[in-house]
Amino acid sequence: MATTSRFALVDCNSFYVSCERVFRPELEDVPVVVLSNNDGCVIARSKEAKALGIKMGTPYFQVKDMMERERVEVFSSNYELYGDMSRRVVSTLSQFTPNLEIYSIDECFLDLSHLRPEEVEAYGHRIRHTVERWTGIPVSVGVACTKTLAKLANRLAKKRAKAKEVLALHTPAEIEEALRESSVKDVWGIGRQHAKRLEQLNVVTAWDLSRMPEGWVKKNMAVTGLRTLLELRGQPCQDLEPETPDRKNICTSRSFGRPLTELEDIAEALSTHTVRCATKLRRQNSCATGVTVFLMTNRFAVTENVYCNSRTIQLPRPTNSELELLSRAMHLLKNMFRPGKRYVKVGIILNDLVPASEVQLDLFSNQDGEKHKKLMSTLDTLRQRFGHHALKYAVQGNKNEKDVEEEKRAPWMLQKKFLSSPYTTSLKGLLRIKT
DNA sequence: TCTGGGGTCCTAGGACCC
DNA sequence: TCTGGGGTCCTAGGACCC
């Protein structure tokens, strides 16, 4: 007899906020938000901040005054910290099952099909308590027979007070109740467009959606929509994916600290992004087949001429040499740059990645390729040891992103006014934990 | 003044081929 | 009246996720 599938979705509560709180316990029960890069938008909110009506994605400047009045604690995002905490959570979860999929920085799917139904609830609570005790991060657990239903159960685990952050859906009756309680726009895979369309047809709850004819869903929401429909009905269409598949594209882009008009400044930013991007590329042992560079002015400034352009080239052969990628990127940028505009963002995308092993032969047959390969692996080692800023190209400029003082920073560098200490990665941070 | 930064998958339609 | 009929590949754009 085939065992029924059972997925748990473990989701960290207000993850970025929780990470900051681990090292600032006095912020428990205080409203806290974390801002996106450049201190642009609110991207994480504590319960208390949500209660103040602060919405996800709100531009910081719109709620700044209110947050000061309400004494909301504000943090710039600190991705080194969050990445590190995320790895701790995953390593704790992997004690519970080897079959685990890292879905995002704050979510994991776990395969729990080996448990008997009556064990599931208690197991969920054990997961929750262990993660909290070992890492300081509070999590919620949703369990069901499909990933889509597990996501839904997770939402309800947070929402239903009596669930105490853990909810398992077993029987058809429990599933129906959960579906009726959930709005269609909260279903995993239903975004704004589909939700709008469905609501016009009076499909308001997840239950309504689950009653829709397959033909209509296939026609209007493609096969991904059909998968969602079937999963809501309890028919698994998506397996656990324990291995993170290699990325097919890798992108590095940032807004500037303030609008830029000079090509030289933008070139500094782009070259720095390119080096980062190439480092990510080599970390997954891939080579890029194409390069795209994009450059844009402020899309919100209706009075200015909005300029948003991108250029792509195919490389003569796949490469992961940042020397070659840098020269390509700079060339694309120069072609696209128009004087007299106020630019706010530049970025690079490395396209159609292929495994480095597949182009190895070609590299060997080419002397430059072989030299580049050795140089790149030396650079990677040195940077890993001494930090990303240890080795730079002249075109990147000589300013350091780690400098906090305004005059030591290049104009393109991000604003991070509310950055917490690098608790987990520096001596200073570690000392802070002890005190 | 101030509005993030990554990714994925699917489809329609055009180009091109026999 | 009726304009062949498939294939495949590529790209742009749209939808979704965190």
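To find a chain, count down the sequence lines: A is the first, B the second, and so on, and within it residues start at 1.
Taking atom P in both C:dC18 and B:dT3, the straight-line distance is 25 Å, to the nearest Å.
Out of B:dC2, B:dG7, B:dT3, the shortest distance to the side chain of A:Pro59 is found at B:dT3. Nearest to the side chain of A:Phe61, among B:dG4, C:dC18, B:dC2, sits B:dC2. With C:dA15, C:dC17, B:dC10 as the choices, the nucleotide that has an atom nearest any side-chain atom of A:His194 turns out to be C:dA15. Taking the side chain of A:Lys151 as heavy atoms from C-beta on, and the options B:dG5, B:dT8, C:dC17, the nearest nucleotide is C:dC17. The side chain of A:Lys280 sits closest to B:dG6 out of B:dT3, B:dC10, B:dG6. Of all nucleotides listed (B:dG7, C:dC18, B:dT11), C:dC18 comes nearest to the side chain of A:Ser104. Between B:dC10, C:dC18, B:dG6, one nucleotide has an atom nearer to the side chain of A:Arg254 than all others, and that is B:dG6. Of the candidates B:dG4, B:dC10, B:dT3, the closest approach to any side-chain atom of A:Ala222 belongs to B:dC10. Nearest nucleotide to the side chain of A:Cys251, out of B:dG7, C:dC18, C:dA15: B:dG7. Closest to the side chain of A:Asn249, from the set B:dG6, B:dG4, B:dT8, is B:dT8.
Side-chain N/O atoms of A:Ser77 include none lying less than 4.0 angstrom from OP1 or OP2 on B:dG4. Distances shorter than 4.0 Å separate some side-chain N or O of A:Lys248 from OP1 or OP2 on B:dC9. Residue A:Arg227 has a polar side-chain atom (N or O) positioned under 4.0 Å from OP1 or OP2 of B:dC10. A:Arg276 has no side-chain polar atom (N or O) that falls below the 4.0 Å cut-off from OP1 or OP2 of B:dG6.
In terms of position on DNA chain B, the residue among A:Arg247 and A:Asn298 whose nearest nucleotide sits closer to the 5' end is A:Asn298. Both A:Lys219 and A:Ile349 lie close to DNA chain B; mapped to their nearest nucleotides by heavy-atom distance, the more 5′-ward contact belongs to A:Ile349.
Note on A:Arg192: only backbone sugar-phosphate atoms sit closer than 4.0 angstrom, heavy atoms only; bases stay farther off. Here A:Phe300 lies in heavy-atom contact (under 4.0 Å) with a base. Residue contacts for A:Ile105: at a heavy-atom cut-off of 4.0 Å it reaches no nucleic acid atom on any strand shown.
When rounded to the nearest whole Å, the span between CZ of A:Phe294 and P of B:dG7 equals 10 Å.
The pair A:Arg21-A:Glu48 meets the salt-bridge criterion, since a charged nitrogen lies less than 4.0 angstrom from a carboxylate oxygen. Electrostatic pairing of A:Arg383 and A:Glu322 counts as a salt bridge here, judged by a charged N lying under 4.0 Å from a carboxylate O.
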Evaluate the criterion side-chain hydrogen bond (donor to acceptor under 3.5 Å, both in side chains) for residue pair A:Ser255 and A:Asn38; output intermediate values, then yes/no. CA-CA 7 Å; A:Ser255 303; A:Asn38 232 11; 4.6 Å; no

Trace of the salt bridge (charged side-chain N to carboxylate O under 4.0 Å, His left out) decision for A:Glu268 with A:Lys399: CA-CA 10 Å; A:Glu268 270 192 23; A:Lys399 303 286 175 60; over 6 Å; no

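Here A:Phe96 and A:Trp134 keep their ring centres 6.0 angstrom or further from each other.
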